[in-house]
Amino acid sequence: MKNKDHYHRYGNYPFRIDTNNGGIYIEGNSNNPNNQPRIFVYMKDNNIHNFGHEIVHYLDGKYNKYGDANMFPSEEITWWSEGLAEYISHGKK
Ligand SMILES: [Zn+2]
């Protein structure tokens, strides 16, 4: 979205996402062949804020977790997902 204000204003309606974050990845129902995963982010300082983090979640869901991670214990998969996204998206930091 254009900026954080738009993210807060339009995130809940019409997109029905939580906006108490810096962006979000929504897997959807990965068992549905017509499923369309979605990434919601916004512009900040001429950059797409947290896009690197959210695209890692997308790739992780597609190639590692096989969807929304129901096949793994939730605490362990959250540790994996967030750690991987932060590690890769922040590079040398
Ligand atoms: Zn994350």
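Position 1 is the first residue of the sequence; numbering continues from there. Counting starts at 1 for both ligands and their atoms, in listed order.
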Among Ile, Leu, Val, Met, Phe, Trp and Tyr joined by side-chain contacts under 4.5 Å, find the other residues sharing a cluster with F40 and list them by chain and number.
M1, Y7, Y10, F15, I17, I24, I26, Y42
Sequence-distant partners of N3, side chain to side chain donor-acceptor pair (under 3.5 Å), two or more places apart:
none
Partner set under side chain to side chain donor-acceptor pair (under 3.5 Å) for H6, not counting sequence neighbours:
none
Sum of protein N, O or S atoms, each under 2.8 Å from the Zn ion (ligand 1):
4
Kindly say whether H49 contributes a backbone atom to a donor-acceptor pair with the side chain of N47 at under 3.5 angstrom?
no
Are any non-hydrogen side-chain atoms of M43 and K2 less than 4.5 angstrom apart?
no
Between the side chain of N12 and the main-chain N/O of T19, is any donor-acceptor distance below 3.5 Å?
no
